[in-house]
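Working notes, beginning with the structure itself.
Note on naming: letters A, B, ... go to the chains in the order of the sequence lines (proteins, then strands), and numbering restarts at 1 for each one.
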There are 2 protein chains.
Amino acid sequence: MVKLTDVAKRAGCSVTTVSRVINNYGYISEKTRQKVHKAMSDLNYQPNSVARSLQGKKTQLVGVIFPSIANPFFGELVENIEAQLFKAGYKTILCNAASDKEKERTYLQMLMANQVDGIIAGAHNLGIDEYKKTGLPIVSFDRKLSDNIPIVSSDNFAGGSLATQTLYDHGARHIYFIGNPVLDGHPTQKRLQGYRQKIQELGLTAHIHPAQFGESLELKEMAIKELLQFHQVDGIVATDDLTALTVINVAQQLNISIPDDLKIIGFDGSRYIQNYAPFLSTIVQPIAAISELLVKLLQERIAHPNNELKENTFQLPIKLLSRKSSQ
Amino acid sequence: MVKLTDVAKRAGCSVTTVSRVINNYGYISEKTRQKVHKAMSDLNYQPNSVARSLQGKKTQLVGVIFPSIANPFFGELVENIEAQLFKAGYKTILCNAASDKEKERTYLQMLMANQVDGIIAGAHNLGIDEYKKTGLPIVSFDRKLSDNIPIVSSDNFAGGSLATQTLYDHGARHIYFIGNPVLDGHPTQKRLQGYRQKIQELGLTAHIHPAQFGESLELKEMAIKELLQFHQVDGIVATDDLTALTVINVAQQLNISIPDDLKIIGFDGSRYIQNYAPFLSTIVQPIAAISELLVKLLQERIAHPNNELKENTFQLPIKLLSRKSSQ
DNA sequence: TTGTAAGCGTTATCAC
DNA sequence: GTGATAACGCTTACAA
């Protein structure tokens, strides 16, 4: 590995001078600058960012903690975040937390040990305390961690509400919500609340059919089959697109016609779903905007770790993608 | 940040001793070991891996270069790779190359600068030379980079062949291949070759309908529409599942019944497709095995960078997932 | 405008 | 068994 001293030797100057032209500060004569540049490219020199970091410089490394990126929504979100981080000069350390507390804890330690500049957390099984202990700038997607951690999410409440209204407008009167019924600060909750409120406004009765996020497909299918067979239902607000697709698949098995007998609308609206499930209506989250904001907020936190936050909750607008399944 | 000297001070010994117990070498009395451990946990000490790396230790960082992880197949693959790397004690730096040469080049430089221990390359727009210049251990998924870089892939040839045979067995006689027709070392090629050979064995005529990987959905749809409307076709081998889904969507628009009028089979078989497109037949790549092998090979390269490779090509067996669309 | 040298937090080589 | 101390490659006072 070629290093600073090699460049200095070849350029016929001191390491300080070389460092100066690299970091571009202090006074250097144009001639020296030229010489140094030439030496660097001759030797194909790459500053060692490990050494640089040790010196107290930033590592330009960011930990991105998410559940499964095999899920197209998270895949697309992480892809966008990575792109934004790259644009801002950061490298992304991918931490797939899944629902493994121990793994998440280990990752947190690794991130500290690697002196990352910050963390974007899109899932957490761990409590606030373990995150606080890192002492690192953190921003969060969709989950509240603590008061002084900015949280970005879509307007889940409006989404739940809009989905419900949409089904109603197309004639549904027995509208069910499929999702996680437990109140735990999970974003699904706001979707559910939006649903509840709208149902009430419309003078209908709320029905919540449980389906956990991490649940196996088989269990979900069973639960959905039970719903479709034994309940009077003509509209479904699904907590996410994958659940919606499962409903559609089960409905097909049961010869229930969508949208004639049953209207359904999902949530998330990844490009992937938009392209390859073109019949599915869905509430679209603004993935690009979310990513941009997450990275922007993180940069602010990194620049001013101790600033009080004037605002810690950012809700981005969702929009309806109306397709066949709800019409 | 608490550091070695702090621990040493609290434990009442020298940094050397502390370092010894951390790295667990040399002789240390049990009593000292206890004291040090206590001091470490009292202070919640985390070794600084930046400093450690500077000292010549490995960074335990691996660059993972892939095209879009929003694509469920790559999403699942990268997720599996990340899991394997984690198990082996590595952190994953996610590099989404897309088709941006400049970005890929920059990433390569960053990876060098960060002293990563190795690279897993699942896409490359750049030539071998730029990769070789890094001097880093590399393993590749699905693309040949150079003779001394191990390449892991599925048995694409067998896949193409098996897909074709399957369609034939179910009665198709006008079987088209949709994919990239250019011969460029892209894995698609082997799928195509498998198709060609099988078609020949069966005494049929080969028809290749072009569709590029990175192409926009609209263009793909147009090309497919043209195919379905103006050609006599009763079977399609698609180069990947997403293309297959597009065919199905277009067929539906054109009121072509699948599998009655047209049988189709895709390629990749991510869990996602298996779960949410349950009607689609596909050739399943063994994602878990691929990931495992990639990481294992990379570890070998890291351990012995200069060993000659006795074998540089690893083809993992595919299998058929037979569903409605091809029956 | 340029150079010398101390220091970042570890590990490793000696010496005791 | 344990402890000084040089070294890793770089940045940055401080001198010149």
Which atom names give the shortest non-hydrogen contact between [X] and [Y], and what distance separates them?
| X | Y | result |
| --- | --- | --- |
| B:L309 | B:I149 | CD1-N, 4.0 Å |
| B:K91 | A:N114 | NZ-ND2, 3.0 Å |
| B:T134 | B:M112 | CA-SD, 3.7 Å |

Nucleotide [N], atom [atom2] - distance to [atom1] of [X] in whole Å:
| X | N | atom1 | atom2 | value |
| --- | --- | --- | --- | --- |
| B:Y25 | D:dT2 | OH | P | 13 Å |
| A:L54 | C:dC8 | CG | P | 9 Å |
| B:N24 | C:dA12 | CG | P | 13 Å |
| B:Y45 | C:dG9 | OH | P | 10 Å |
| A:Q34 | C:dT1 | CD | P | 14 Å |
| A:K9 | D:dG9 | NZ | C1' | 13 Å |
| B:R33 | D:dG1 | CZ | P | 10 Å |
| A:M112 | C:dT10 | CE | P | 12 Å |

From the list [options], which nucleotide is the closest neighbour of the side chain of [X]?
| X | options | result |
| --- | --- | --- |
| A:R52 | C:dT2, C:dT11, D:dC10 | D:dC10 |
| B:R20 | C:dT13, C:dG9, D:dG9 | C:dT13 |
| B:A51 | C:dA5, D:dC10, C:dG9 | C:dG9 |

Measure the acute angle between the ring planes of A:F86 and B:Y107, then classify it against the limits of 30° and 60° as parallel, tilted or perpendicular. tilted

How is [X] classified with respect to the nucleic acid when contacts are heavy atoms under 4.0 Å: base, sugar-phosphate, or nothing?
| X | value |
| --- | --- |
| B:S29 | sugar-phosphate |
| A:S53 | nothing |
| B:L4 | base |
| B:T5 | nothing |

Quick check: on DNA chain C, is the nucleotide nearest A:S14 upstream (toward 5') of the one nearest B:K57, or the reverse? Name the residue that is more 5'. A:S14

Does OP1 or OP2 of [N] have a side-chain N or O of [X] closer than 4.0 Å?
| X | N | answer |
| --- | --- | --- |
| B:T17 | D:dT2 | no |
| A:N23 | D:dT11 | yes |
| B:T16 | D:dA4 | no |
| B:K31 | D:dG1 | no |

Should the side chain of B:Q55 and the base of D:dA7 be counted as holding a donor-acceptor pair, with the cut-off at 3.5 Å? yes

Would you say the ring centers of A:Y272 and B:Y272 fall short of 6.0 Å from each other? yes

Checking side-chain polar atoms at under 3.5 Å, does B:T32 have a donor or acceptor matched by the opposite partner on B:S29? yes

